[in-house]
Amino acid sequence: MMKRYVIEREIAGVGRLNAEQLRATAATSNRALAKLAGKAQWEHSYLVDDKTFCVYIADSEASVREHARLSGFPASKVTEVRAVIGPMTEA
C-alpha cells in the first residue's frame, strides 16, 4: 500500500536556485526515483530560503530515505501524512 509523506530537507540557499539549477535538481531526483523501481513517486516540492518540503507517495519511509541516499538530498525529517483536507472538505 502506498502512503503519502512530507519530507523536510535542509539545503542552504535552495530557495534562490535559478531555473537551470532547478532542472538539474529535478533530474537528479528523477534518476534516483528510477532506481527505486516504483517504490516512490515525487508529487511536488515547496522551496523556501534554506529548506524544501517535498511531497512523495511511497511504499514505506525506508524507500523515501533510500531516495535521499541515492539522490544526495538530505531527508532531515520524514512525516507520514494521515489525512488531506481542503476547502471542499466541508461540502
Side-chain angles (χ1 to χ4, degrees):
M1 182 173 135
M2 301 295 266
K3 301 174 185 175
R4 183 171 277 119
Y5 295 89
V6 175
I7 301 95
E8 183 175 330
R9 304 181 192 279
E10 296 183 25
I11 304 171
V14 72
R16 294 180 294 282
L17 296 179
N18 63 38
E20 183 58 36
Q21 291 168 314
L22 292 173
R23 278 191 290 278
T25 298
T28 298
S29 180
N30 289 335
R31 283 191 300 274
L33 287 167
K35 292 177 183 175
L36 291 173
K39 292 183 179 182
Q41 177 185 346
W42 176 28
E43 286 191 341
H44 59 272
S45 297
Y46 299 98
L47 282 65
V48 298
D49 290 337
D50 295 317
K51 289 185 182 183
T52 65
F53 297 90
C54 304
V55 180
Y56 278 65
I57 297 172
D59 65 349
S60 67
E61 182 177 333
S63 292
V64 171
R65 293 199 179 275
E66 179 64 4
H67 172 268
R69 187 188 72 75
L70 291 169
S71 67
F73 302 135
S76 309
K77 184 176 181 182
V78 177
T79 304
E80 183 180 337
V81 175
R82 300 292 181 194
V84 177
I85 66 168
M88 297 308 296
T89 304
E90 178 185 29

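These figures come from a predicted structure and were not determined experimentally.
- Listed here is the closest heavy atom pair of Gly38 and Met2: O-CE, 3.6 Å.
- Nearest heavy atoms, Leu33 versus Ala40: CD2-O, 3.5 Å.
- At distances below 3.5 Å, at least one donor-acceptor pair connects side-chain atoms of Ser71 with backbone N or O atoms of His67.
- A donor-acceptor pair under 3.5 Å is formed between the side chain of Arg65 and the backbone N or O of Ala75.
- Note: Ile11 CD1 to Thr25 OG1 = 7.5 Å, rounded to the nearest 0.5 Å.
- When atom types are taken as modelled, the side chain of Gln21 and the backbone of Asn18 share a donor-acceptor pair closer than 3.5 angstrom.
- Under the rule for a side-chain contact (heavy atoms from CB on, under 4.5 Å), the partners of Arg4 that lie at least two apart in sequence or sit in another chain are Glu43, Val55, Ile57, Val81, Val84.
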Apply side-chain contact (heavy atoms from CB on, under 4.5 Å) to residues Phe73 and Ile7 and explain how you reach the verdict. CA-CA 10 Å; Phe73 302 135; Ile7 301 95; over 6 Å; no

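- The CD atom of Gln41 sits 12.0 Å away from atom CG of Leu36, with the distance rounded to the nearest 0.5 Å.
- Here the rule is side-chain contact (heavy atoms from CB on, under 4.5 Å) with Val14, and of Asp49, Leu47, Val48, Asp50 only Leu47 fits it.
- With rounding to the nearest 0.5 angstrom, the CG atom of Leu22 is 10.0 Å from the OG atom of Ser45.
- Arg9 and Ala68 get closest at one heavy-atom pair: NH1-CB, 3.9 Å.
- For Thr52 (side chain) and Cys54 (main-chain N/O), no donor-acceptor pair under 3.5 Å exists by modelled atom type.
- To the nearest 0.5 Å, atom OG of residue Ser60 and atom CE of residue Met1 are 12.5 Å apart.
- The line from CD of Glu80 to CZ of Arg82 is 4.0 Å long, rounded to the nearest 0.5 Å.
- Using a 30° and 60° split on the angle between ring planes, Tyr56 and Trp42 fall in the parallel class, below 30°.
- With sequence neighbours excluded, no residue forms a ring pair (Phe, Tyr, Trp, His ring centres under 6.0 Å) with Phe53.
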